[in-house]
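Can you read through this structure? Questions will come right after.
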Amino acid sequence: MNAPMPSPVLDAARALDQVSAQWDRDLVRQITDYIAIPAKSPGFDADWQSHGLLDTVVRNAADWVRQQKVPGLTLEIVQLPGRTPVLFFEVQATQPAATRSPTVLMYGHLDKQPEFTGWRNDLGPWTPKYEDGRLYGRGGADDGYAVYASIAAIQALKSQNVPHPRIVGLIETCEESGSYDLLPYVDALRAPGNNRLGDVGLVICLDSGAGNYDQLWLTTSLRGMASGTLKVEVLTEGVHSGDASGLVPSSFRILRHLLDRLEDSATGRLLPRDFHCEVPPERLAQARVTAGILGEELYKRFPWAHYDCGGATAFALPTTTDPVEALLRRTWTPTLSVTGADGLPELKNAGNVLRPYTAFKLSLRLPPLVDAASAVHELKTLLEDNAPYQARVTFHAEGAATGWNAPETADWFRQALDDASLAHFGAPCGYIGQGGTIPLMNLLSQGFPTAQMMVCGVLGPKSNAHGPNEFLHVPYAKKLTAAVAQVIAAVPVGR
């Protein structure tokens with residue numbers, strides 16, 4: 001009996017039905033189990049190797065993938081000495097013509113951010129809860145679902161016998177720490193004479209965000225990041241503030257003065273010119289269109305502090321209420337955040353003591369076209385030189401990742417995105433820059449300059465990755481999974 005001829009077109013409705021059933025039957029349960037494991041990224045768990053939790057989530061994902069018995073799929077856990085593990089899988093092309101097509105690379109990560117505070121009383125980072133289509137808990141949306149959704153999308157293709165090119169998957173466990181382990185793996189997987197990544201023509205990265213839950217969103221740019229700890233020391237031990245203040249300079253005041261070199265505290269604008277770049281005309285045009293779609297939701301979606309003001313509720317305000325400017329400020333403007341502090345006791349333990357030092361963890365978001373390594377060097381020089389009162393000032397860099405600007409969109413890719421978005425959401429694909437960082441994207445753009453980049457994800461309004469009450473929007477994830485399958489089905493075969 002002859003094998004059935006491959007169908008050239010994916011039935012979108014059938015694919016959505018299949019992946020939706022799989023999400024309900026299996027994927028929600030798998031991701032629920034994943035959320036319960038505190039597999040924090042190595043930057044937040046110095047003893048990650050002995051704890052073994054990163055190994056556990058990788059092994060669990062690998063076991064599940066093997067159980068799916070996807071035709072033509074092989075899988076292994078790759079681990080270089082002293083580095084976080086990587087899950088690598090390969091799915092053979094379906095026919096000879098497809099073997100001449102560029103490879104599709106699917107990317108995700110399984111490491112997590114730390115707990116943070118402020119979770120709803122009935123929620124927690126490691127206590128998953130499914131409620132009204134939202135799966136709450138740390139890491140489900142960022143980015144534990146990615147490997148499961150990737151395989152579900154491939155299974156949708158296989159079930160309809162749709163031809164597809166070679167597909168590889170790269171699931172890392174160091175992303176939340178800046179992906180410093182990733183380059184050695186990419187180099188190993190692209191070793192001369194044994195290039196297991198292949199000629200990548202399409203990257204599907206399921207680690208980004210969505211402007212709303214009403215359409216497919218393509219990420220067009222990502223900011224870079226430079227982070228580190230700024231520490232100011234004035235004493236070897238704490239002393240009575242009544243005895244010393246006024247004569248011994250405050251380490252906090254010195255630190256605040258140093259930050260004035262970097263940032264205009266009245267506006268938040270970063271002062272060094274090299275930390276800024278021009279926004280490409282195409283991105284400006286896309287920002288205007290996207291601002292028209294999202295409007296005031298661009299800033300209203302955040303959990304603003306509020307209080308009673310003469311019988312009315314007053315809310316903290318954004319830096320701008322202009323939708324276009326709001327988009328650009330969170331995607332193409334450098335910004336400084338203080339994400340942690342040391343040397344400051346809890347309020348209940350704060351006595352009348354002039355503290356010996358103050359340290360701030362600085363997180364600097366950089367525009368997509370600014371080189372992160374150069375920014376770190378300039379940042380260190382700016383903060384350490386000519387310290388007030390000859391205080392001991394040190395800036396210890398802890399991470400740097402250059403941002404990313406998407407390559408020009410090919411006609412087939414643009415059409416495939418619109419078709420997939422219309423089929424599953426009833427609206428065309430939206431284009432949006434993101435303020436976060438995915439270090440792999442710049443790396444892949446350098447290694448595969450002609451590849452198309454489908455950078456997307458489930459981090460829509462209020463999903464709150466990295467913060468309290470993070471959730472995975474399951475209805476959106478179902479449609480996104482089916483849309484991914486449809487885009488893979490549209491890759492030109494044999495080109």
Check your understanding: Thinking salt bridges, do Arg301 and Glu297 make one under a 4.0 Å N-O criterion?
Key -> no

Review point. How far apart are the C-alpha atoms of Leu327 and Leu298, what are their side-chain angles, what is the distance that settles it, and do they pass the side-chain contact (heavy atoms from CB on, under 4.5 Å) test?
Key: CA-CA 7 Å; Leu327 267 174; Leu298 282 163; 3.7 Å; yes

Check your understanding: Between Phe448 and Arg190, is there a cation-pi geometry (under 6.0 Å to ring centre, at most 45° from the normal)?
Key -> yes

**Study point:** Side-chain (Arg269) to main-chain (Asp264) donor-acceptor, under 3.5 angstrom
**Key:**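 Absent.
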
**Study point:** Neighbour count above 12 (heavy atom, 6.0 Å) for Asp260 CG
**Key:** yes

Review point. Rounded to the nearest 0.5 Å, how far apart are OG of Ser208 and CD1 of Ile438?
Key: 4.5 Å

Practice item. Answer with yes or no whether the side chains of Thr84 and Asp181 bring together a donor and an acceptor at under 3.5 Å. Key: yes

**Study point:** Sidechain-backbone polar pair: Arg134 side chain, Leu472 backbone, donor-acceptor under 3.5 Å
**Key:**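 The answer is no, because no donor-acceptor pair under 3.5 Å joins these two groups.
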
Review point. Step by step, would you call Val234 with Tyr357 a side-chain contact (heavy atoms from CB on, under 4.5 Å)?
Key: CA-CA 6 Å; Val234 294; Tyr357 75 93; over 6 Å; no

Check your understanding: Should the heavy atoms of other residues, nucleotides or ligands under 6.0 Å from CD of Glu278 be counted, would the total exceed 12?
Key ->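 No, because the 6.0 Å sphere around CD of Glu278 holds 12 heavy atoms or fewer from other groups.
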
Check your understanding: Taking side chain as C-beta onward, heavy atoms only, is His466 less than 4.5 Å from Glu470?
Key ->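 Not touching, per the 4.5 Å side-chain cut-off.
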
Review point. How long is the gap from CD on Glu90 to CG on Leu197, to the nearest 0.5 Å?
Key: 10.0 Å

Practice item. Tell me whether the guanidinium CZ or amine NZ of Lys231 lies under 6.0 angstrom from the six-membered ring centre of Phe395 and within 45° of its axis. Key: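 Pair Lys231/Phe395 does not count as cation-pi.
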
Review point. So, Thr437 and Arg365: side-chain donor and acceptor under 3.5 Å apart, yes or no?
Key: yes

Practice item. Check for a donor-acceptor pair, side chain of Thr103 on one end and backbone N or O of Val200 on the other, with a separation under 3.5 Å. Key: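 Answer holds: no.
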
**Study point:** Any donor-acceptor pair under 3.5 Å from Lys40 side chain to Asp111 backbone
**Key:** no

Check your understanding: Should the ring pair Tyr107 and His109 be called parallel, tilted or perpendicular, given that the plane angle runs from 0 to 90° and is split at 30 and 60?
Key -> tilted

Point to revise | Residue Asp132 excluded, over 12 heavy atoms near CG under 6.0 Å | key: no

Check your understanding: Does any N or O in the side chain of Thr173 come within less than 3.5 Å of the main-chain N or O of Pro85, such that one atom is a donor and the other an acceptor?
Key -> yes

Exercise for review: Could you tell me whether a side-chain N or O of Tyr476 sits under 3.5 Å from a main-chain N or O of Gln215, the two making a donor and an acceptor?
Suggested key: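 Judged by distance alone, yes, a pair lies under 3.5 Å.
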
**Study point:** Check against side chain to side chain donor-acceptor pair (under 3.5 Å), Thr409 and Gln452
**Key:** CA-CA 7 Å; Thr409 306; Gln452 296 296 290; 4.9 Å; no

Exercise for review: Give a yes or no answer on whether the side chain of Thr402 reaches the backbone of Gly224 with a donor-acceptor pair at less than 3.5 Å.
Suggested key: no

**Study point:** Pi-cation contact, Tyr136 with Arg120 (under 6.0 Å, within 45°)
**Key:**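 Here Arg120 passes the 6.0 Å and 45° test against Tyr136.
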
Practice item. Establish, for the pair Lys112 and Phe44, whether the NZ or CZ atom is under 6.0 angstrom from the six-membered ring centre and no further than 45 degrees off its axis. Key: no

Check your understanding: Does the side chain of Thr481 pick up a donor-acceptor pair with the side chain of Trp23 at under 3.5 Å?
Key -> yes

Review point. Taking atom NE2 of His377 as the centre, does the number of heavy atoms from other residues, nucleotides or ligands within less than 6.0 Å exceed 12?
Key: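 No, because the 6.0 Å sphere around NE2 of His377 holds 12 heavy atoms or fewer from other groups.
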
**Study point:** Crowding at OH, Tyr389 (>12 non-hydrogen neighbours, <6.0 Å)
**Key:**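 No, OH of Tyr389 has 12 or fewer neighbouring heavy atoms, counting only those of other groups under 6.0 Å.
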
Point to revise | Trp64 and Tyr148 aromatic centres sub-6.0 Å | key: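 Aromatic pair counts; centres sit under 6.0 Å.
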
Review point. Out of curiosity, Leu383 CG to Leu262 CG, how far, rounded to the nearest 0.5 Å?
Key: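 Those atoms lie 6.0 Å apart.
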
Practice item. Hey, could you give me the CZ/OG distance between Arg392 and Ser251, rounded to the nearest 0.5 Å? Key: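 Answer rounded to 0.5 Å: 13.5 Å.
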
Check your understanding: With no hydrogens and no angle check, is any side-chain donor or acceptor of Ser250 less than 3.5 Å from a backbone partner on Phe252?
Key -> yes

